[in-house]
Amino acid sequence: MSTSVFTRFAPSPTGHLHIGGARTALFCWAFAKRQGGKFILRIEDTDAARSSDESARGIMEDLAWLGIDWDEGPELATGGRTLGGDPRGVGPYFQARRVDLYNKYIMQLVKDGKAYPAFENEQELDAKRKAATAAKQTYRYDRASYHAIPTVEGRLARMGAEPHVIRFFAPHEEVVVHDQVLGEVKYAAGEMDDFVIRKQDGLPTYHFAVVVDDETMGVTHVMRAQEHLNNTPRHVALQKALGFRVPTYAHMPLIFNMDGSKMSKRDKAKAARKAAKDAIAKGAKADTLASEAKLDATLLNAFLAGDNDSLDVAHALGTHLKVALPEIEVADFRENGYLPEAITNFVSLLGWNPGMKTPDGKDLEKFDATFLAQHFGIERIGKTNSKFDRAKLLSFNGDYLAALPDAAFVQRWLAWLADFDGPLHRFVAGLSPEKQVLLARAVKPRAKTLRDAAKPIGFLRVGDGEVALDAAAVAKNLDAAIALEPGPGTTTGRELLRGSQAVFAGELDWANPAALEGAVQAFAASKQVKLGAMAQALRTALTGSGVSPALGDSLCLLGRESVLTRIARALA
RNA sequence: GGCCCCGUCGUCUAGCCCGGUCUAGGACACUACCCUUUCACGGUAGGGACAUGGGUUCGAAUCCCAUCGGGGUCACCA
């Protein structure tokens, strides 16, 4: 087992961690673990305008939440331990703090004549690009600045005097990328143009920073999404020019929405915009919408017009209009009550597969991160793009939820509620441990997410006087005739309910669901009706709807007072 | 448009490298039935795919070519 494997995940801190990025990070992590190597986190913040420290921190927290721990990188204290660090002294891990290093190599290239300053401004280049497009030709930088100053000395001199960018002098030769997933990918000589390696603001471009960092940090395996495939020849050419090693590359397939579009943060804005427009079409006023959602009216109007895709506006609208925005970022999934183990498991299956069978001969699909870390290999990464099927994720999440022991479920539910549903958290936290377990039993098989968990127990949270009796349920379960068995004769749910009041008012063990149910059963038998009829009448009275968790659990959770009050009210 | 990648059920995929064991397997979703005091859970069953056309071969999902289709990328973003 080699200890020389180093992988890295290198997000740019311009927002939360994207679900696709989570998969990339997970695979890099798993590969390093499997190989006995190290996983590095590096923050690519060379876009000064769009990067932020809050985003970097958010991404780190998202990774930590998913259980993707980095061995090296920015430090983050979480859950009593510290992730990251710089044991080899190859940091810092924020690119913006490595500018001197980049400049050293850039100067080397310039002095070697392998890179040169260029002085065109963006407008000039834009015009040339447009002209090329109009002429149906592929635009390539024409090396005007290179030819204008033939000597290194001349270039150095002018660099000191004028704003400029640095371009790499692309060698005229074929570049072959040996990709571990895709095989040999060849790029003909002349395909590459003289791309920019240092921007006018003095910061390196992505291409340059990546190459320098991967070399200086000793990265051996670069695993990233296929959208970077066409960047790879540039990186290889740069490595060659700088005398660097070429890491092993593996480009993984992309993940899309079910409709084939890119999974983008904009999807959230789109969904929110549509919901708002629908509401307005139905008569809502934009101004009142703005004030109700606590949004600035002009900001909202700009958003509705499509002038911006503000996530803040989108979230505010989503919350206010009660529409679910599509989950795109890890934080969205977390907020909607997904379990990290369900997410990592599901996402592992997008473009990878263990290729193993379960004991009963089915394909192995359910596994944890430890399993991944023991079995992940590049050989089994697929080549085809996939679509993100939330229905399957939901199913996985439901399975993971159901598999949690009651106590563990309660614990994790409480933790989630503390972050995302204060009122329900107070309610659940205020219950006895016994009742919390009952709640877990009621909720686990019925919820696909922690957010869903509120639904089956909604009836517990309405006041006894506020239970909304569903007309259809009342007709069916309280008013319709119920045949006695043995017959002849009929009764109604309403009559049964009336009779049951004495039972509930009497001596019962209200802490014991089975005893409660037994009492109901005995009562039903005494009245010559099936338990089912009795149960439905009770459900209607207790919940208003004829749908509830197991009868004994529901009665126990509600307690004597509430049961009696609700029955009396249904009878009134 | 140039360049690059890809193409097995609706979706994720196994199988493909090393052709026969594939009347193509699993999972999610869907449908039906069973279980059942409701809703769920669970169980059983069912429909559902090798993009198309040519080769090669006794034999092709598996190898080759073409076509068609999908995607990525062409920034002083990463």
Side-chain angles (χ1 to χ4, degrees), chain A residues 10-12 14 44-47 49-51 118 120-122 125-126 129 133 136-140 163-167 177 179 181-183 185-188 191-193 195-201 203 205-207 209-210 225-233 251 253-254 256 258 260 262 346 349-358 360-366 379 382-396 398 402 442-447 455-456 473 477 517 520-521 524 530-540 543 545-551 554:
Chain A
S12 63
T14 55
E44 310 222 324
D45 54 352
T46 55
D47 185 339
R50 289 201 278 171
S51 299
E120 294 82 359
N121 61 39
E122 291 191 64
L125 293 173
D126 263 0
R129 252 192 291 273
T133 310
K136 295 198 172 183
Q137 284 181 332
T138 304
Y139 170 78
R140 291 223 164 73
H164 62 275
V165 300
I166 301 291
R167 284 178 183 272
V177 175
D179 190 273
V181 173
L182 270 8
V185 183
K186 292 177 184 171
Y187 294 86
E191 285 295 329
M192 198 185 305
D193 81 343
F195 57 96
V196 173
I197 56 176
R198 187 172 73 191
K199 298 175 276 187
Q200 203 177 103
D201 66 5
L203 289 169
T205 59
Y206 156 75
H207 303 296
V210 163
Q226 241 177 61
E227 63 199 12
H228 288 293
L229 181 61
N230 294 323
N231 290 150
T232 311
H251 287 90
L254 272 9
F256 295 96
M258 285 303 275
K262 267 194 192 183
F346 175 73
L349 258 9
L350 263 26
W352 185 79
N353 186 291
M356 295 166 77
K357 301 281 185 192
T358 58
D360 57 349
K362 298 183 170 181
D363 291 354
L364 178 67
E365 274 198 328
K366 295 280 175 61
E379 329 78 58
K383 299 180 180 183
T384 54
N385 296 162
S386 51
K387 291 175 180 168
F388 194 92
D389 187 356
R390 285 188 181 74
K392 184 158 180 169
L393 203 214
L394 220 39
S395 168
F396 269 45
V443 144
K444 277 201 304 171
R446 293 174 178 80
K455 286 182 197 161
N477 301 325
E517 191 163 326
V520 174
Q521 181 137 33
K530 285 186 182 169
L531 177 58
M534 184 64 223
Q536 285 313 89
L538 271 174
R539 284 201 167 87
T540 306
T543 73
S545 76
V547 175
S548 87
L551 193 58
S554 297

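Below, chains carry the letters A, B, ... as their sequence lines are ordered, and counting in each starts from 1. All heavy atoms count here, side chains included; hydrogens, waters and symmetry mates do not. Please read all numbers here as calculations on a predicted model, not as lab measurements.
Residue-level contact check: A/F388 touches neither bases nor backbone, having no heavy atom under 4.0 Å from any strand. Among the atoms of the strands shown, base atoms are found under 4.0 Å from some heavy atom of A/E120. Note on A/R198: nothing from the nucleic acid sits closer than 4.0 angstrom, heavy atoms only. Within the nucleic acid shown, A/D193 has no heavy atom closer than 4.0 Å to any nucleic acid atom. Within 4.0 Å of A/L349, counting heavy atoms only, lie sugar-phosphate atoms of the nucleic acid but no base atom. At the heavy-atom level, A/K366 lies nowhere under 4.0 Å from the strands shown. Note on A/K455: nothing from the nucleic acid sits closer than 4.0 angstrom, heavy atoms only. Within the nucleic acid shown, A/G351 comes within 4.0 Å of sugar-phosphate atoms alone, with no base atom in reach, counting heavy atoms only. Nucleic acid contact class of A/E227 (heavy atoms, under 4.0 Å, all strands): sugar-phosphate only. Residue contacts shown for A/F195 are absent, as no nucleic acid heavy atom lies under 4.0 Å away. Backbone-only contact: A/M258 has heavy atoms under 4.0 Å from sugar-phosphate atoms and none from a base. Among the heavy atoms of the strands lying under 4.0 Å from A/V196 are primed sugar atoms or P, OP1, OP2 only; no base atom is included. Within the nucleic acid shown, A/D201 has no heavy atom closer than 4.0 Å to any nucleic acid atom. Among the protein residues, A/H207 comes within range of the nucleic acid bases, having at least one heavy atom under 4.0 Å from a base atom.
Cation-pi geometry between A/K262 and A/F256 is not met: the NZ or CZ atom fails to fall both under 6.0 Å from the ring centre and inside 45° of the normal.
Taking atom C1' in both B/C9 and B/G15, one finds a spacing of 14 Å when rounded to whole Å. Taking the P atom of each, B/A51 and B/A24 are spaced 15 Å apart, rounded to whole Å. For the C1' atom pair drawn from B/U62 and B/G19, the interatomic distance equals 6 Å after rounding to whole Å. Distance noted for atom P between B/G72 and B/G26: 33 Å (whole Å). The P atoms of B/C58 and B/G47 are separated by 36 Å, rounded to the nearest whole Å. Nucleotides B/G71 and B/G25 have their P atoms positioned 30 Å apart, rounded to a whole Å. Between B/C41 and B/G48, the distance separating the two P atoms is 25 Å to the nearest Å. Taking atom P in both B/G70 and B/A78, the straight-line distance is 31 Å, to the nearest Å.
Here B/C3 presents its P atom at 18 Å from CG of A/N231, a figure rounded to the nearest Å. One interatomic measurement links the two molecules: CD of A/Q536 to P of B/U36, which rounds to 15 Å at whole-angstrom precision. Between A/W352 atom CH2 and B/U13 atom P there is a gap of 12 Å when expressed in whole angstrom units. As a whole-Å value, the separation of A/Y139 OH from B/C74 P is 14 Å.
For A/A391, the side-chain atoms get nearest to B/C28 when compared with the rest of B/C28, B/U13, B/U38. Side-chain atoms of A/E122 lie closest to B/C76 of the nucleotides B/A78, B/G1, B/C76. Considering only the side chain of A/D363, B/G26 comes nearest among B/C3, B/A27, B/G26. When the nucleotides B/C5, B/C4, B/C77 are ranked by their closest atom to the side chain of A/D47, B/C77 comes out on top.
A/R167 has a side-chain polar atom (N or O) that falls below the 4.0 Å cut-off from OP1 or OP2 of B/C76.
The nucleotide B/U67 finds its pairing partner in B/A51, both defining distances of the Watson-Crick or G-U wobble pair being shorter than 3.5 Å. The nucleotide B/U38 finds no pairing partner, because no Watson-Crick or G-U wobble arrangement with both distances shorter than 3.5 Å includes it.
Comment: A/K392 engages A/E365 in a salt bridge, judged by a side-chain N to carboxylate O separation of less than 4.0 angstrom.
Judged by atom type and distance alone, A/K362 does not reach the base of B/A27 through any side-chain donor-acceptor pair under 3.5 Å. Between the side chain of A/Q226 and the base of B/G71, no donor-acceptor pair under 3.5 Å is found.
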Show your reasoning for whether salt bridge (charged side-chain N to carboxylate O under 4.0 Å, His left out) applies to A/E191 and A/R140. CA-CA 9 Å; A/E191 285 295 329; A/R140 291 223 164 73; 3.5 Å; yes

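Below 30°, between 30° and 60°, or above 60°: for A/H228 and A/Y206 the angle between ring planes is between 30° and 60°, a tilted geometry.
Comparing A/L229 and A/N121 by the nucleotide of RNA chain B whose heavy atom lies nearest to each, the residue mapping closer to the 5' end is A/L229.
Although no hydrogens or angles enter the test, the distance criterion places a donor-acceptor pair under 3.5 Å between the side chain of A/K199 and the main chain of A/T46.
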